[in-house]
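Below is one structure, written out as C-alpha cells, with a few remarks after it.
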Amino acid sequence: MYSILFAALARLAGFAIGGFLLFRFTPLNDKHLQPVLGLTMNVLLPIYFVRNFIVGWASAEGAGYPFMVGFFAGSIFFLFFQMGLGRLLSPLAVSEKAHRRDFILLFAFQNAGYVALPIMESFAPPELMIFMFFWIFGFNILFWTLTISLLNSDKAAFTFKVSGPLVGILIGFSLSVFGLDKPLYDFADTVLTLPAKLSMDLILVALGGILALIPKGSFKFRKDYLFFVIVKLLLYPLLMLAILYPLHPTWIPESLLVPMKLALILQAAVPPSTNLMIATKKYGTEQQVAYIAGGEIVTYLASVLTMPIVLIISFYFLFS
C-alpha cells in the first residue's frame, strides 16, 4: 500500500515539476499557459467525465442503486461538513480576512481522485471502487459550482457559472441515464480514452506552470499552512477514525465495512485538490493564486509524512 501511496504522489509531483520547469526556464509565459488551461477546462475535462460515465455506468448500476445513491449523497455531505469546519476554523487559522475563503477552499475540497483512488485500489474490493465513481460524481458537481462562488471573495452572494467540467458531467450522466452508454461504450473506451487520460496529466502540467509563473515575492510560508497540516492532515482524519471505529451497521456487508471506513479516513487525510489550483487560476485573483499555491506546495510535501502516519494508525485499530 505504501509503495502505491508514494507512486501516486511521485506521478503527481513528476508532471507538476515538469510543468514548472517548462514554464520557468523557457520563454513560455502566461500567454501560453492560458490556451493550456482553456484546452483542459473546456475540452479534455468534459471528455474525461463523459468517457468515465459511459465506461463505468453499467458496472456501477449492477453493483446496487442504494450504495450508488448513498455514496453520491455521502460525498456532498462530506464536502459541506468540511466547508463548515473550514469556515469555523478560518478565523483561528488566518489573520488576513481576505484569505479566509481561500483557506475554506483548501480545507473543503480534498484530492478525492488523483491521490486517494490509487491508494484505495490496494485495499478496496471492486464493488467499493465502483461506488467511489459516484463519490467522485458528487464531489465534482459541487467543486465546479461552489469554487467559482467562493473564489469571488468580494461578493457575498452565490455566483453560479457554467464550466466545461460541469457540462461534461451532465452530458455523461444524461447519456448513461437514458441508456445511450451501451451503444457508445466502444467509442468511449477507445477513441475517448487517450484524451481522457491526457486531461489528468495536463492538469498537473498546468499546475506546475501556474506555480512557475507566480512572482517570487508573492510566495511566503504562512502559519496558516502549519495550522492546516496539523489540524486538517493529522487531527481531522484521526478524529474521523475515532468516530468510525465503533460503528458496525448491520446493513453494510462485513467485507465492505472496514474498507469503507478506511476510504472515508483516506478522503479526510489527503491534501487539497489539484483542480483547485486550476480553478483559482481561471476564476480567482493573483493574490488567491499565490495563497492557494503556497498551501498546496506545503500540504503535498507534508502529506508524504502525514498520510502514512494516519493510514498506519487506522490499519492498526481497524484490523486489530
Side-chain angles (χ1 to χ4, degrees), residues 16 19-20 22-24 28-42 45 79 82-111 139-140 142-166 202-229 232 271-301:
F20 181 89
L22 182 65
F23 282 88
R24 174 68 80 178
L28 297 178
N29 54 37
D30 192 65
K31 180 178 68 175
H32 303 95
L33 180 61
Q34 291 303 321
V36 176
L37 289 171
L39 176 65
T40 304
M41 289 283 291
N42 300 321
L45 275 176
L79 286 181
Q82 292 188 155
M83 192 173 293
L85 191 56
R87 188 181 297 276
L88 183 67
L89 294 172
S90 62
L92 301 176
V94 187
S95 56
E96 300 175 60
K97 289 185 178 180
H99 287 304
R100 286 181 183 173
R101 286 199 183 188
D102 306 332
F103 179 88
I104 294 169
L105 282 167
L106 286 168
F107 204 101
F109 294 103
Q110 79 280 9
N111 194 315
F139 174 91
N140 278 291
L142 278 188
F143 181 90
W144 293 111
T145 51
L146 292 181
T147 51
I148 298 171
S149 180
L150 285 169
L151 283 167
N152 294 324
S153 56
D154 58 330
K155 299 177 183 177
F158 176 79
T159 304
F160 178 80
K161 186 177 180 65
V162 176
S163 63
L166 182 60
L202 203 57
I203 281 174
L204 300 176
V205 173
L207 171 63
I210 293 168
L211 296 176
L213 296 176
I214 296 173
K216 292 181 181 179
S218 298
F219 173 76
K220 61 179 180 179
F221 182 83
R222 303 168 182 265
K223 65 177 181 61
D224 315 4
Y225 303 151
L226 181 60
F227 181 96
F228 190 97
V229 168
K232 176 62 169 67
S273 170
T274 51
N275 280 345
L276 182 56
M277 194 71 260
I278 305 299
T280 306
K281 181 65 177 178
K282 184 76 174 176
Y283 301 111
T285 65
E286 290 304 312
Q287 291 75 21
Q288 289 174 312
V289 169
Y291 184 91
I292 289 177
E296 294 220 356
I297 291 171
V298 172
T299 54
Y300 274 88
L301 290 173

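Heavy atoms only: backbone and side chains are in, while hydrogens, waters and symmetry mates are out.
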**Asked** Side chain of Q34, backbone of K31: donor and acceptor closer than 3.5 Å?
**Response** no
**Asked** Can you tell me how far CG of L105 sits from OG of S90, rounded to the nearest 0.5 angstrom?
**Response** 11.0 Å
**Message:** Tell me if the NZ atom of K223 is crowded by more than 12 foreign heavy atoms within 6.0 Å.
**Reply:** yes
**Message:** I'd like to check K281 versus E286 (side-chain heavy atoms, cut-off strictly below 4.5 Å). Are they in contact?
**Reply:** yes
**Prompt:** Is any side-chain heavy atom of H32 closer than 4.5 Å to a side-chain heavy atom of N29?
**Reply:** yes
**Asked** CG of D102 to CD of E96: how many Å apart, nearest 0.5 Å?
**Response** 10.0 Å
**Request:** Kindly give the heavy-atom pair with the smallest separation between F227 and A93, and that separation in Å.
**Result:** CD2-CB, 3.3 Å
**Asked** Given side chains that start at C-beta, do those of H99 and I292 come closer than 4.5 Å, heavy atoms only?
**Response** no
**Prompt:** Got a second to check how far L89's CG is from D224's CG, nearest 0.5 Å?
**Reply:** 12.0 Å
**Prompt:** In terms of ring plane angle, is the pair F139 and F143 parallel, tilted or perpendicular, where the classes change at 30° and 60°?
**Reply:** parallel
**Message:** Using side-chain heavy atoms (C-beta onward) and a distance below 4.5 Å, is R100 in contact with P91?
**Reply:** yes
**Asked** Under a 4.5 Å cut-off applied to non-hydrogen side-chain atoms, are F228 and V298 in contact?
**Response** no
**Request:** Would you check, one step at a time, whether the test side chain to side chain contact (heavy atoms under 4.5 Å, CB included) holds for Y291 with V94?
**Result:** CA-CA 11 Å; Y291 184 91; V94 187; 3.6 Å; yes
**Asked** How long is the gap from OG1 on T147 to CD1 on I104, to the nearest 0.5 Å?
**Response** 13.5 Å
**Prompt:** Y300 side chain to P272 main-chain N or O, any donor-acceptor pair under 3.5 Å?
**Reply:** yes
**Asked** Does K232 reach the side chain of Q82, with side-chain heavy atoms less than 4.5 Å apart?
**Response** yes
**Spacing of L45 atom CG and N275 atom CG [to the nearest 0.5 Å]** = 6.0 Å
**Message:** For Y283 and M41: C-alpha separation, side-chain torsions, deciding distance, then whether side chain to side chain contact (heavy atoms under 4.5 Å, CB included) applies.
**Reply:** CA-CA 12 Å; Y283 301 111; M41 289 283 291; 3.8 Å; yes
**Contact check, side chains of M83 and F109, non-hydrogen atoms, under 4.5 Å** = yes
**Asked** Out of curiosity, N42 CG to T40 OG1, how far, rounded to the nearest 0.5 Å?
**Response** 9.0 Å
**Prompt:** Going through the distances and angles, do L28 and L33 end up as a side chain to side chain contact (heavy atoms under 4.5 Å, CB included)?
**Reply:** CA-CA 8 Å; L28 297 178; L33 180 61; over 6 Å; no
**Asked** Do L39 and L202 come close enough that some side-chain heavy atom pair is under 4.5 Å?
**Response** yes
